[in-house]
A.B. asks: 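Sharing a structure here in structure tokens format.
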Amino acid sequence: MNKNLIALAVAAATFSGAASAATVYSDDTSSLAIGGRIEATGVLQQQADIKDSKTEASNEVVDMSRARINVSAKTQIADGIQGIGFFEKEFHSNTDDNARGADETRYVYAGVSSDQYGQIVYGKADGSLGMLTDFTDIMAYSGSVVGGTKIAVADRTNNNLAYNGTFGNLTFKANYVFAGAAYDTAGNKTDVHGFSTAAKYNVADTGLALGLGYAEQRGQFKDTAGTTKTGFDSHQDRAEQSFAVASYTMGDLYFGGLYKYGRRDGEVINIQSANNGDAVDTQGYEFAAAYTMGKTVFTTTYGFMKDTSNKSGDYNELANALSVDGTYYFNSNFRTYVSYTYNFLNSDKVGKVAASDQVVLGARYDF
């Protein structure tokens with residue numbers, strides 16, 4: 001049984017090759033390491049095509065290749081205490097593709113790490129709920145359709161003061177995002193701010209892990225001029241999410257589950273404007289499984305999410321998809337994968353593009 005490959009599969013969406021990063025400088029007190037990945041990815045799915053002022057959909061192969069490079073630094077500043085810094089940049093093969101977007105600075109943070117009390121950092125860093133969504137975000141390519149809808153303060157964001165500590169079998173995270181952490185599509189600074197917190201507990205050596213988390217933010221309902229939209233007061237301008245997760249590992253098998261409850265979060269922000277402050281409840285669940293057979297890891301996830309307007313009672317299906325993939329690890333640095341996503345959304349309601357299936361072929365080199 002190769003438990004290391006199960007660990008690689010579960011962590012693949014979170015780590016960018018830092019585990020295999022090369023130390024380029026080291027002395028008695030300091031070290032500097034460089035790591036990253038190069039990933040070639042082709043995605044076959046429905047794409048929107050405007051012809052004669054009409055939008056049509058056709059199957060096309062889209063190049064979603066990318067590369068990441070990161071720098072990790074650490075220096076001893078006292079007995080059992082280190083000063084740390086981390087930077088990561090992602091580069092895309094086609095920055096004109098709306099599905100991929102522009103190149104991105106993923107992380108820039110620095111702080112202090114204690115062997116006994118954990119670490120605290122400031123900058124662009126992870127929020128707290130990512131530790132929980134990793135329970136089902138295990139695919140080689142497809143992300144978590146439910147966990148991927150974390151509100152801004154619970155996800156990777158800047159202006160973020162974040163704490164992370166592990167005490168025996170318990171891991172605790174908390175972070176606060178200060179106002180001015182985000183910009184709208186017009187480049188205007190917004191006042192999104194808030195906090196998230198999460199805890200994960202490994203139940204002895206049983207293979208069972210449990211987790212809970214909560215996030216709350218304000219300031220997301222600003223117009224392009226930076227003023228609060230009509231119909232929203234300080235209480236209404238609040239989004240919140242709760243997550244509950246569980247996983248079980250038994251030899252080469254891994255199972256994970258996630259439940260989310262949100263209020264005025266993610267996809268529903270646009271609905272708030274139309275409903276003049278109506279609260280919208282969002283619920284979702286996701287199941288994941290992985291199996292290691294030699295050097296091959298098979299993974300699958302199913303996710304479903306909906307929202308409901310408290311005023312009108314309108315029901316919207318936001319996500320309903322099953323993904324399966326297989327990844328072959330030639331060694332710890334190089335892998336290839338194939339992935340297929342079955343999309344069960346109704347094309348008559350969301351359109352052919354949003355409801356299309358997806359086929360992915362990829363190769364990835366970690367350094």
Side-chain angles (χ1 to χ4, degrees), residues 5-16 37 39-47 57 59-66 97 99-101 129-130 132-150 155 243 245-249 252-260 266-267 282-293 295-306 317-329 335-347 349-364:
L5 288 180
I6 278 285
L8 282 170
V10 174
T14 307
F15 298 102
S16 309
R37 70 168 71 165
E39 187 171 4
T41 309
V43 181
L44 173 65
Q45 66 179 30
Q46 293 276 325
Q47 298 291 322
N59 280 315
E60 296 180 11
V61 175
V62 180
D63 186 352
M64 301 291 277
S65 301
R66 60 184 175 177
D97 183 354
R100 174 61 74 186
L129 295 187
L132 304 183
T133 58
D134 285 346
F135 276 54
T136 54
D137 192 6
I138 66 173
M139 304 293 289
Y141 178 81
S142 301
S144 167
V145 297
V146 179
T149 61
K150 297 185 293 295
D155 207 348
F243 281 83
V245 296
S247 69
Y248 181 69
T249 303
D252 293 334
L253 284 169
Y254 171 86
F255 302 97
L258 176 150
Y259 173 78
K260 165 196 167 180
E267 298 281 351
T282 307
Q283 296 184 63
Y285 55 85
E286 195 162 52
F287 302 101
Y291 175 68
T292 298
M293 186 175 66
K295 291 186 175 183
T296 305
V297 177
F298 300 98
T299 53
T300 183
T301 59
Y302 172 75
F304 176 85
M305 189 168 64
K306 66 175 183 177
E317 193 170 290
L318 303 176
N320 189 354
L322 171 69
S323 296
V324 293
D325 67 32
T327 304
Y328 183 80
Y329 291 82
R335 73 190 75 169
T336 58
Y337 58 85
V338 58
S339 177
Y340 193 96
T341 297
Y342 301 87
N343 196 329
F344 301 116
L345 290 177
N346 190 331
S347 61
K349 293 183 177 181
V350 302
K352 290 184 178 180
V353 174
S356 67
D357 292 351
Q358 184 183 79
V359 182
V360 181
L361 294 174
R364 172 173 157 181

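Excluded from the calculations below are hydrogen atoms, water molecules and symmetry mates; all remaining heavy atoms, backbone and side chain alike, are included. Bear in mind that the values here come from a model prediction, so they are computed numbers and not experimental data.
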A.B. asks: Sequence neighbours excluded, which residues qualify as side chain to side chain contact (heavy atoms under 4.5 Å, CB included) partners of Thr341?
C.D. replies: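 Checked Thr341 against side chain to side chain contact (heavy atoms under 4.5 Å, CB included); matches are Ser142, Ala321, Ser323, Gln358.
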A.B. asks: Check whether any side-chain heavy atom of Val43 sits under 4.5 Å from a side-chain heavy atom of Thr41, and report yes or no.
C.D. replies: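 With C-beta onward as the side chain, the pair touches.
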A.B. asks: Any carboxylate oxygen within less than 4.0 angstrom of a Lys/Arg side-chain nitrogen, looking at Glu317 and Lys306?
C.D. replies: no
A.B. asks: Assign the ring pair Phe298 / Tyr291 to parallel, tilted or perpendicular, where the plane angle (0 to 90°) is split at 30° and 60°.
C.D. replies: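 Parallel.
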A.B. asks: When you compare the side chain of Gln45 with that of Glu60, does any pair of heavy atoms fall below 4.5 Å?
C.D. replies: no
A.B. asks: Lys260 and Thr133: side-chain donor and acceptor closer than 3.5 Å?
C.D. replies: no
A.B. asks: Let me confirm one number: the OH-NZ distance from Tyr328 to Lys295, rounded to the nearest 0.5 Å.
C.D. replies: 5.0 Å
A.B. asks: Is a side-chain donor-acceptor pair under 3.5 Å present for Tyr340 with Asp325?
C.D. replies: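 No, because no side-chain N or O of Asp325 sits under 3.5 Å from a partner of the opposite role on Tyr340.
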A.B. asks: What residues, two or more places apart in sequence or in another chain, satisfy side chain to side chain contact (heavy atoms under 4.5 Å, CB included) together with Ala40?
C.D. replies: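 Ala40 satisfies side chain to side chain contact (heavy atoms under 4.5 Å, CB included) with Ser65 only.
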A.B. asks: Quick check: do Phe304 and Gln283 have side-chain heavy atoms less than 4.5 Å from each other?
C.D. replies: no
A.B. asks: Tell me, do Leu318 and Thr282 make a side-chain contact under 4.5 Å, heavy atoms counted?
C.D. replies: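 Leu318 vs Thr282: side chains touch.
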A.B. asks: Side chains of Ser144 and Glu286: donor-acceptor distance under 3.5 Å anywhere?
C.D. replies: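 Yes - a donor-acceptor pair under 3.5 Å links their side chains.
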A.B. asks: Using a distance-only test with no angle check, is there a side-chain donor-acceptor pair under 3.5 angstrom linking Glu39 and Tyr337?
C.D. replies: yes
A.B. asks: State, yes or no, whether a side-chain contact exists between Thr301 and Leu322 at a heavy-atom distance under 4.5 Å.
C.D. replies: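 Counting from C-beta outward, Thr301 and Leu322 never come under 4.5 Å.
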A.B. asks: Look at the side chain of Asp357 and the backbone N and O of Asn343, then say whether any donor-acceptor pair between them is shorter than 3.5 Å.
C.D. replies: yes
